[in-house]
Amino acid sequence: MAKEDTPSTSKDLQELQRKLCLLIESVQNNSKVVAFMKSPVGQYLDRHPFAALTLLVFVVMSAVPVGFFLLLVVLTSLAAFVGVMLLEGLVLSVGGVALLCVLCVLGFVSLSVSGTIIVSYVAMSSLINSWLSPRSPRADHFLSSRNRPLTQNPSGDASRP
């Protein structure tokens, strides 16, 4: 039974090796890879395969922690943004309610002050008008009669004419 699986397995391995060679060849012929291999860093890594392998393993292994860190940064920034928006909304709501209360109190105070001023104006104006207005003829007669000298009536009473 092991002899039957061997020819099939070797054909699968040969097919896999052929596909891997095509993949490596396509990577090596890529224009960006060719440009990198012509750079000083690429030439250094080509001459020092152990350093290239170490760098490759480091990059692959550090991808997961760096990815988690970047995810943490994005989620923290998003949470901070949402938190700031909620906090700003709360502050604006409380400020708006406080402003509404202050404006209502100011409206009540302004109505009270206006009413007091109007009542004072009416009272003062009526007092001033009554003091400074020309007197009626009857009042003038009364005042002028008080200043006349007393005369004797035939009945013997002293009165003012």
Side-chain angles (χ1 to χ4, degrees), residues 9 12-13 15-148 159-161:
T9 305
D12 288 341
L13 284 175
E15 182 66 26
L16 184 62
Q17 183 180 9
R18 186 181 67 77
K19 286 183 179 180
L20 186 60
C21 286
L22 287 173
L23 179 66
I24 290 172
E25 189 178 317
S26 71
V27 168
Q28 287 177 345
N29 291 334
N30 189 342
S31 63
K32 291 182 180 180
V33 173
V34 170
F36 176 73
M37 291 307 286
K38 288 183 179 179
S39 72
V41 175
Q43 290 175 359
Y44 177 81
L45 291 176
D46 192 32
R47 286 190 305 256
H48 300 88
F50 183 72
L53 180 63
T54 304
L55 184 63
L56 179 67
V57 168
F58 175 76
V59 168
V60 168
M61 290 178 67
S62 66
V64 172
V66 169
F68 279 137
F69 176 75
L70 291 177
L71 180 67
L72 178 70
V73 166
V74 168
L75 291 178
T76 304
S77 299
L78 185 64
F81 180 70
V82 169
V84 165
M85 294 304 279
L86 291 175
L87 184 64
E88 186 177 345
L90 177 70
V91 167
L92 287 177
S93 298
V94 169
V97 168
L99 178 64
L100 181 66
C101 292
V102 167
L103 291 178
C104 287
V105 168
L106 285 177
F108 177 73
V109 168
S110 68
L111 282 173
S112 301
V113 168
S114 297
T116 304
I117 289 172
I118 287 177
V119 167
S120 299
Y121 174 75
V122 168
M124 291 300 289
S125 124
S126 66
L127 283 175
I128 289 173
N129 283 340
S130 69
W131 286 340
L132 300 179
S133 68
R135 304 197 190 269
S136 66
R138 187 164 194 216
D140 286 339
H141 176 67
F142 176 74
L143 288 176
S144 65
S145 67
R146 287 180 66 190
N147 294 333
R148 290 189 196 143
S159 67
R160 294 189 178 144

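For clarity, every value in this text was computed on a predicted model and none was experimentally measured. Below, all heavy atoms of this structure are taken into account, side chains as well, without hydrogens, waters or symmetry copies.
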Under the salt bridge (charged side-chain N to carboxylate O under 4.0 Å, His left out) test, which residues partner Glu25, sequence neighbours left out? none
Got a sec, which residues hit side-chain contact (heavy atoms from CB on, under 4.5 Å) with Met85, two or more places apart in sequence or on another chain? Phe81, Glu88
Correct closest heavy-atom pair for Gln43 and Met37 would be CG-O, 3.4 Å
With sequence neighbours excluded, residues passing side-chain contact (heavy atoms from CB on, under 4.5 Å) with Ser77: Val73
Who pairs with Val41 by side-chain contact (heavy atoms from CB on, under 4.5 Å), at least two apart in sequence or on another chain? Phe36, Ser39, Leu45
Working to the nearest 0.5 Å, report the span between CG of Leu87 and CG of Leu92. 9.5 Å
Sorted by chain and residue number, the salt bridge (charged side-chain N to carboxylate O under 4.0 Å, His left out) partners of Arg18 (sequence neighbours excluded) come out as Glu15
Set of residues satisfying side-chain contact (heavy atoms from CB on, under 4.5 Å) with respect to Val57, sequence neighbours excluded: Leu53, Met61
Contacts table for residues 103-111: side-chain donor-acceptor under 3.5 angstrom, sequence neighbours left out:
from   : atom 1 : to     : atom 2 : distance (Å)
Ser110 : OG     : Leu106 : O      : 3.2
Ser110 : OG     : Gly107 : O      : 2.8

At what distance, to the nearest 0.5 angstrom, does NZ of Lys19 lie from CG of Leu22? 9.5 Å
Between CG on residue Leu70 and CG on residue Leu75, distance to nearest 0.5 Å: 11.0 Å
Gap between atom OH of Tyr121 and atom CD1 of Ile128 - 0.5 Å precision: 9.0 Å
With sequence neighbours excluded, give me every salt bridge (charged side-chain N to carboxylate O under 4.0 Å, His left out) pair touching residues 27-55. none
